[in-house]
Colleague: 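Have a look at the structure that comes next, please.
Protein chains get the first letters and strands the later ones, always in sequence-line order, with residue 1 at the start of each. Being a predicted model, the structure only gives us computed values, none of them experimental.
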Amino acid sequence: MKTFEELLKPVYPELVRYSRAMAGSSADGDDLLQDALLNAWRKVHTLRDPDGFKFWMLKIIKNANISRERSRKFKSWIGLEAIQRIPASEPMSYEDKDLVRTALAKVPKDQREAVILYEILGMSVKEIAKQQKASESAVKNRLSRGRKRLRVEVSALTTLEKGHGQAFAESC
Amino acid sequence: MDKRLPKAVEHGLHELSEEQPDDFQLERSLARVRQHHSHRRTRFMNKTWIPVAVVAVIFAALLLIPATYTVTVGSIVEISIPSSDASLAQTIADATSDLPGVQSANMMMTPDGLTLRFASSETNQSAVKHTILDATESMLAGMDYDVSTEAVTVERGGNALAAITGGTIRINVDGMSDNEIEAAIASAIVGQGMTPTMVDVQTSADGTQREIQIEMEGDIPEGEERTFQFEFQGEGEGADVQAQRQIEWHEETE
């Protein structure tokens, strides 16, 4: 019987990537993972299949993230009529990975998770379907929508940053 | 599936897929988990059987101990529609402006579609969802839309007793041994749909005090929260005493 540490070590880098991408930043992701590890440590005796430890942890991280996002209730949404009154923002500077991570945080959670599992963790559609308890066609749909939304969010972020915005526009 | 992503996005995703934690991050994480675990065996209840005065102190202490608890105060319903038709947005806005129980509606339009977000003080997410879908059914007919709901919660402070909302577990411990009390508590917890992970009852050497420690865990459905109240009733040497303490259980969904 493997210990918690033995189960965790081989999958830890993937859990870090997943947490950071789900949370939208390295710092928030590391805090999220720490919360999830505390929960996992308490519940590890309920884990039936040690081979499924990674997927079990991904679920715990996802749930911990949902709790965190709920606590940020009533995010500042802007009505259509108000959008035209937004003043020009100060330029922002992002590296590509930070840009994508920030944009991912704005993608709806199921779509976001599908994109992260597929693009960052390299999981197959079949594996994601099992993880999300959804059909493969639903996962494909989420991936497609998630990518589109990611592109929109990246575009929105890059319009705030002149240099990167130009690079982004050229790359499109 | 749309695989075309801008280069900046592709590059960013690739960087994220290659990202590695620093050399000591795992050890730091595990150290914090171990440290937390070693302090988490919380003394759940300290029950005094004989001196009524001491029992009164316990009650007073319970009333004064600040406790933070979470209350569900409303629901959010979000509908994503793959249409950027401004007239559709206006039609939906008109149709939903006077819906009962819906306090606010916001919308966000992107090149890929329209997202509508409704906030309600109704805590029954399903009821709010159906109210909104009923009102927009004809407008959304034939469209491949997504609907999601979430609870709106707020944290509130107050004394511990103020958090009671139900889920009372009563156990009369008259004439029961420590082991029998443990079994009764474990059984009652299971009866509440939870799993007792640790139940420990110990009577002090002089027989005047019983210490009861309880740890339990369980999955709470999304949007719900549960409060458990434990009441232990028993008879000491000529003095009927009763002590109670409740704990609010707010666990993440799984």
Colleague: Within a 6.0 Å radius of atom NZ on B:Lys129, are there more than 12 heavy atoms belonging to other residues, nucleotides or ligands?
Modeller: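 Counting other residues, nucleotides and ligands, NZ of B:Lys129 stays at 12 neighbours or fewer.
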Colleague: What distance do A:Leu8 atom CG and B:Ser29 atom OG have between them, rounded to the nearest 0.5 Å?
Modeller: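 That separation rounds to 7.5 Å.
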Colleague: Could you work out, with salt bridge (Lys or Arg N to Asp or Glu O under 4.0 Å) as the rule, every residue matching B:Asp144, not counting sequence neighbours?
Modeller: A:Arg145
Colleague: Working note: B:Arg28 + A:Asp30, criterion side-chain contact (heavy atoms from CB on, under 4.5 Å); need CA distance, chi angles, decisive distance, verdict.
Modeller: CA-CA 11 Å; B:Arg28 280 199 307 271; A:Asp30 291 348; over 6 Å; no
Colleague: Sort out for me which residue in A:Arg20, A:Arg101, A:Arg17 forms a side chain to side chain contact (heavy atoms under 4.5 Å, CB included) with B:Leu16.
Modeller: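 Among A:Arg20, A:Arg101, A:Arg17, the one that satisfies the side chain to side chain contact (heavy atoms under 4.5 Å, CB included) with B:Leu16 is A:Arg101.
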Colleague: Do any N or O atoms from the side chain of B:Glu15 and from the backbone of A:Lys97 form a donor-acceptor pair under 3.5 angstrom?
Modeller: yes
Colleague: Between B:Glu18 and chain A, with a heavy-atom cut-off of 4.5 Å, which part of the residue counts as in contact: side chain, backbone, both or neither?
Modeller: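 Backbone only.
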Colleague: Sort A:Leu121 into side chain, backbone, both or neither according to what part of it lies under 4.5 angstrom from a heavy atom of chain B.
Modeller: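 Neither the backbone nor the side chain of A:Leu121 comes within 4.5 Å of chain B.
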Colleague: Heavy-atom distances under 4.5 Å only: say whether A:Phe4 touches chain B with side chain, backbone, both or neither.
Modeller: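 Contact with chain B: side chain only.
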Colleague: How long is the gap from CG on B:Leu13 to CG on A:Leu150, to the nearest 0.5 Å?
Modeller: 6.0 Å
Colleague: Taking side chain as everything from C-beta outward and backbone as N, CA, C, O, which of these in A:Lys9 sits under 4.5 Å from a heavy atom of chain B? Side chain, backbone, both or neither.
Modeller: both
Colleague: So what's closer than 4.5 Å to chain B heavy atoms on A:Ile116: side chain, backbone, both or neither?
Modeller: neither
Colleague: NE2 of B:His14 to CG of A:Asp96: how many Å apart, nearest 0.5 Å?
Modeller: 11.5 Å
Colleague: Looking at CD of B:Gln20 and CD of A:Glu14, how far apart are the two atoms once the value is rounded to the nearest 0.5 Å?
Modeller: 9.5 Å
Colleague: If I compare all heavy atoms of A:Val16 with all of B:Pro21, which pair ends up nearest, and what's the gap?
Modeller: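 Looking at all heavy atoms of both residues, the shortest contact is CG2-CB, 3.9 Å.
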Colleague: Chain A heavy atoms under 4.5 Å from B:Leu30: which part of the residue, side chain, backbone, both or neither?
Modeller: side chain
